Amino acid sequence: MTQTFSKWLLWCCSIVLVITFMILQQLPLSIGDASLNSPQKSTITFPYSFKGKANQVYQYNVQINYSLFSSSHLKIVPDDCLEYLSINDAVVPVKSIKGRCNWQKGFSIDLKPYLKEGKNTLHLHVKNKDGIGGLNLIATQDYDSLTYYLISSLMIFSLIVLLFLTLSYSGLSLELILLLLAGILLRLAYLSYTDFDARTFDVVLHSGHLDYIKMIANEFRLPNPTQGWEYHQPPLYYALGAIFYKFADLTGVVNKYTLLQIFSLSTFIIFLFYSIKTLALVIPHRWMLFFATMLLVFWPSGIIHSIRLGNDVLFYALFAISFYYMLLWQRNEKALWITVLFASLALITKANGIILFGIIGILLLIQLIQTRSFRSILRPLTLVIVFFAIAFTINFADNIYYALQGNGEDWLVSNVVNTINHKLFVSNSFDNYVYFDLKTYLKEPYIDAWNDQYGRQYFWNYLFKSSLFSEFFFKTPIQILLASLISLLSLSIFVYIGLAIATLSKAELLEAKPFLLVIFLSLAALLAYRIKIPVACNTDFRYIFPILIAMGYFYSLALHKIQKNGYVILEWFGYLQVTLFSIFTILFFTITTLSNI
């Protein structure tokens, strides 16, 4: 393929991708002006939530636009119960609809019998049982539409060709590029049926991630950290999210929530790319690198997290970039600038970014011990301190200020600690951190932050299980079977990784120390967080997800050590279990995709 043809194809695919994406955004119903009519009339946007009165019925008016090519499907999420629905004054019977009182998932309905071309008016009455009230309307796609499939197929084909051409200049081998593209395809399939508020954390909650973004986008200000559930978080993700949100809001060419999901997916692809580049730096054996990459790309929770709204995914990308340049810094001192820059960006995205500075600090300390010259680390240490001071101030200054003023209960999470549901708290004894309930781990495919039945009391049970499917349940028999098989294989994978770490030689330790520090400091930070606030969900693997980079490295090292010692059966079993693990993950999410079409 000539360079001229490659550039021409690159431009063509880019144009087709943009056009098809914009067309797809016009296929769902267009939700227009909306207002809350009671107790007083006010203009609103969705998702909408507020502190309501108990047993009060609130009335909403919503305009939607419908064309002959539009989908007629609408997802309605009432908080708490939908009591009445009419479209163009035609009453829609809702009393028998399953999900009309489901404030978490709601229900989907085909409005085609009631719609006319052009503008349509919806009247909804929603009863608030207690506490927070609200409503969310989501225009969904008609997956039976031939138009949708043709345009989607053309868009995906253009995207894959575009990515392949771009990655061909990245220095990655063909097999690694194909693995990465397969992982992206699987995540695109997951995105195709997953709403922005599905399988996520504190997004549509009052004062959650979305309200933070909307406040910056609409009011051009940062929230008071003491006055919201997620307002104590550092601002970088929300500022970037506000740009995408405002662009979609002003132009109307794309659904703003879909665009935020695409932003998350884009940053996760960056995480995968730099993680693979990191592994390629240190794993010389081609096929061991392949299987380490396979483990990274097809780790199941990485598919779930890749499209979530929230600051986690941006943190993963910034962590991976910083860590990649950290390894380069071990070979070239100039790379420290980029290492520290992205470590700082990670810290002003999420407090977990402090782990990167811990790794850098320990590596400098090791350098000082080895050289016995403080002058050798003076310049890099000064650089690190300056960047850390700036990032730490941006992240924590407001929380610390309000805590000192007596308006915030905690310098880390502000007033959130006082609003956590007491049912989420677990025991904080020594046994909770050293005991692993193997029987429950093998018996239960998932973890539940609210129920002891699934092993939430034990740190390692929660950590390992949430690393696979986070805190979410997939309930069909085939999904449960595949989840159980994935759980079983994960234990064996963890054993291989543990053996590699336990048998490190002094020579291996020199190269492995950054990866070892990632694991040690990440686990130490998570342990400290769980001990400080003993809530089950504070053990979620998503807080330390970049540890997967180190897991991939140590897994390849385990295979190398097994091969070196002539344990052929263990070596081939190591290859087989990662292959099966990846196949079961692909089947799991493929079946989930097909069941949602």
Side-chain angles (χ1 to χ4, degrees), residues 176 271-297 299 302 315-332 335-336 338-340 342-343 346 352-367 369-370 384 463-464 467 490 493-527 541-564 574 578:
L176 296 184
F271 164 76
L272 287 177
F273 175 75
Y274 275 96
S275 298
I276 295 170
K277 292 277 284 183
T278 297
L279 294 177
L281 275 178
V282 293
I283 303 175
H285 308 280
R286 182 176 180 180
W287 290 109
M288 290 180 185
L289 172 60
F290 178 83
F291 282 96
T293 301
M294 189 187 293
L295 197 65
L296 178 76
V297 170
W299 198 265
F315 164 69
Y316 302 158
L318 296 170
F319 189 105
I321 297 171
S322 179
F323 191 70
Y324 171 73
Y325 282 99
M326 192 185 299
L327 295 188
L328 291 182
W329 165 49
Q330 302 297 294
R331 309 175 187 188
N332 184 345
L336 181 61
I338 303 177
T339 303
V340 176
F342 281 96
N352 315 39
I354 204 167
I355 293 168
L356 286 164
F357 281 99
I359 298 169
I360 296 168
I362 293 173
L363 291 176
L364 284 173
L365 179 60
I366 293 171
Q367 183 181 329
I369 294 170
Q370 290 174 339
V384 171
L463 178 66
F464 290 162
S467 79
S490 72
I493 289 168
F494 290 138
V495 169
Y496 269 63
I497 293 167
L499 287 173
I501 295 172
T503 58
L504 280 172
S505 66
K506 288 185 178 180
E508 290 167 338
L509 187 59
L510 289 174
E511 184 184 76
K513 59 181 182 290
F515 298 95
L516 201 59
L517 288 171
V518 167
I519 291 179
F520 175 78
L521 292 183
S522 296
L523 290 175
L526 194 65
L527 273 166
F541 185 82
R542 69 186 172 96
Y543 293 121
I544 58 169
F545 187 84
I547 204 174
L548 269 178
I549 305 170
M551 288 169 58
Y553 168 77
F554 283 114
Y555 193 83
S556 72
L557 184 60
L559 292 175
H560 174 65
K561 291 163 83 73
I562 289 168
Q563 182 191 67
K564 187 178 177 180
V578 172

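Since this is a predicted model, take the numbers as computed values, not measurements. Sequence positions, counted from 1, serve as the residue numbers for this chain.
- The closest side-chain heavy-atom distance from Ile544 to Phe319 is not below 4.5 Å.
- Looking at Glu508, its side chain does come within 3.5 Å of a backbone N or O of Ser505 through a donor-acceptor pair.
- Inter-residue side-chain proximity for Phe515 and Met551 is flagged as unmet; no heavy-atom pair is nearer than 4.5 Å.
- Of all heavy-atom pairs spanning Leu364 and Val384, the tightest one is CD1-CG2, 4.1 Å.
- Using a 4.5 Å cut-off on side-chain heavy atoms (C-beta onward), Leu327 and Pro514 make contact.
- The six-membered or imidazole ring of Phe545 lies near that of Phe271, with a centre-to-centre distance under 6.0 Å.
- Between Phe494 and Phe464, the ring centre distance stays below 6.0 Å.
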Practice prompt. Just do the side chain to side chain contact (heavy atoms under 4.5 Å, CB included) check on Leu363 and Gln330 with the steps written out, would you?
Written response: CA-CA 9 Å; Leu363 291 176; Gln330 302 297 294; 3.7 Å; yes
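- Atom-to-atom distance recorded for Ser522:OG and Tyr543:OH is 14.5 Å, nearest 0.5 angstrom.
- Put simply, the side chain of Trp329 never gets that close to the backbone of Ile338: no donor and acceptor are under 3.5 Å apart.
- Closest of all the heavy-atom pairs between Gly358 and Leu521 is C-CD1, 3.6 Å.
- With contacts defined as side-chain heavy-atom distances shorter than 4.5 Å, the pair Tyr553/Leu548 does not qualify.
- Using a 30° and 60° split on the angle between ring planes, Phe342 and Tyr325 fall in the parallel class, below 30°.
- Atoms CG and CD1, from Leu510 and Ile366 in turn, are 9.0 Å apart once rounded to the nearest 0.5 Å.
- Contact of the Ile549 side chain with the Val518 side chain is not registered, since no non-hydrogen atoms from C-beta on lie closer than 4.5 Å.
- Note that the OG1 atom of Thr293 and the NZ atom of Lys277 stand 12.0 Å from one another [nearest 0.5 Å].
- Closest non-hydrogen pair, Ile283 versus Ser556, comes out as CD1-OG, 3.1 Å.
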Item to complete: Decide side chain to side chain contact (heavy atoms under 4.5 Å, CB included) for Phe323 and Ser275; before the verdict, give the C-alpha distance in whole Å, the side-chain angles of both, and the deciding distance to 0.1 Å.
Response: CA-CA 8 Å; Phe323 191 70; Ser275 298; over 6 Å; no
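- In terms of modelled atom types and a separation under 3.5 Å, the side chain of Lys561 and the main chain of Ala500 share no donor-acceptor contact.
- In terms of modelled atom types and a separation under 3.5 Å, the side chain of Tyr496 and the main chain of Phe554 share no donor-acceptor contact.
- Put simply, CD1 on Ile276 and CG on Leu281 are 12.5 Å apart, with the number rounded to the nearest 0.5 Å.
- You'll find the side chain of Met326 reaches within 4.5 Å of the side chain of Leu356, heavy atoms only.
- Contact check for Met294 versus Tyr555: no side-chain heavy atoms found under the 4.5 Å cut-off.
- Proximity of a side-chain donor or acceptor of Ser322 to a complementary backbone N or O of Thr339 within less than 3.5 Å is detected.
- Atoms CD1 and CG, from Ile562 and Leu499 in turn, are 7.0 Å apart once rounded to the nearest 0.5 Å.
- Residues Tyr324 and Ile321 fail the side-chain proximity criterion, which asks for heavy atoms closer than 4.5 Å.
- Atom-to-atom distance recorded for Ile501:CD1 and Leu516:CG is 6.0 Å, nearest 0.5 angstrom.
- Summarising the geometry of Val282 relative to Arg331, their closest heavy-atom pair is CG1-NH2, 4.3 Å, with the distance given to 0.1 Å.
- Here the closest heavy-atom approach between residue Thr278 and residue Ala320 is recorded as OG1-O, 4.3 Å.
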